[in-house]
Amino acid sequence: VAWAARGAGAYAGGGEAADGGGGQAIFRRRQRGLPEKVAYLKGVYGRLKDEELKEKVLFSISQMKGEGKWLLDLAVNPAESIEMRKKALFWAGQNGASMEDLTSIYAKTSDQEIKEQLIFVYSQRSDKEAMDKMIDIVRNEPNKELKKKALFWLSQSQDPRDAQVLSDILAQPLPHRPTNLEIPQHT
């Protein structure tokens, strides 16, 4: 394929362009969106070492409909850097990945950064299932940091249920916590 051969050596053949030319070539390839070009970009991604160029390929592929599965596979690949995995999750969420797939990743991972990114991904969606998952995290997640992040993003949403969730949380009694300021009772 002629378009694949032109300019591809700068970034796909192992030597990556230091002048940014590879990134421009990747950007131009994304503009066309034909299936063989998507396959080509996926192949290029697998050979790249430079994170910046990988990000450009990731973005290019993310702009093409129907690539959510590839993005999710990338997001759960432990061989990828955490930053690339988080970006893949974000773009998968934007590309219409199913909530079933996204919640499955949340349930299976123990990586806090991935869970935090998933909470953000849920917050960027307007569907009921995403809000349901954030409410579930607020109510049931044992990790307080993740719970706080979900609560923050839930409070930013336009979902009418967020007020009820906040009210339920405020209505819960605080556990008794002894402190050094407690004054002993003298009898």
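These figures come from a predicted structure and were not determined experimentally.
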What heavy-atom pair brings [X] and [Y] nearest, and what distance separates the two atoms?
X	Y	result
A92	G68	CB-O, 4.3 Å
A130	R125	CB-CB, 3.9 Å
K133	Y122	CG-CE1, 3.3 Å
T103	E100	OG1-O, 3.2 Å
L146	I119	O-CD1, 3.5 Å

- Item | Flag if over 12 foreign heavy atoms under 6.0 Å of NZ, K42 |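 More than 12 heavy atoms, drawn from other residues, nucleotides or ligands, come within 6.0 Å of this atom.
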- Item | Within 6.0 Å of CD in E52, more than 12 heavy atoms from elsewhere |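 Not buried by this count: 12 neighbours or fewer within 6.0 Å.
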Side chains of [X] and [Y], heavy atoms from C-beta outward: is any pair under 4.5 Å?
X	Y	answer
L72	L102	yes
I82	I114	yes
D132	M99	no
F120	K149	no
D136	Y106	no
W91	Q63	yes
K87	F59	no
R85	N77	no

- Query: Between the side chains of E113 and Q117, does any donor sit under 3.5 Å from an acceptor?
  - Reply: no
- Using distance alone, with no hydrogens and no angle criterion, decide if S123 and Q156 have a side-chain donor and acceptor under 3.5 Å apart.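 The criterion, which ignores hydrogens and geometry beyond distance, is not satisfied for Q156 and S123.
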If I take atom [atom1] from residue [X] and atom [atom2] from residue [Y], how far apart are they, to the nearest 0.5 angstrom?
X	Y	atom1	atom2	value
D111	L118	CG	CG	10.0 Å
I137	K148	CD1	NZ	15.5 Å
M134	F152	CE	CZ	10.5 Å
S60	E55	OG	CD	10.5 Å
N95	L71	CG	CG	5.5 Å
I135	N140	CD1	CG	11.0 Å

- Partners passing ring pair (Phe, Tyr, Trp, His ring centres under 6.0 Å) against Y45 (at least two apart in sequence or in another chain): W70
- For F90, enumerate each residue passing the ring pair (Phe, Tyr, Trp, His ring centres under 6.0 Å) test, keeping only those at least two apart in sequence or located in another chain. none
- Message: Using side-chain contact (heavy atoms from CB on, under 4.5 Å), reason through L41 and M64 one step at a time and then give a plain yes or no.
- Response: CA-CA 11 Å; L41 286 173; M64 299 174 192; 4.2 Å; yes
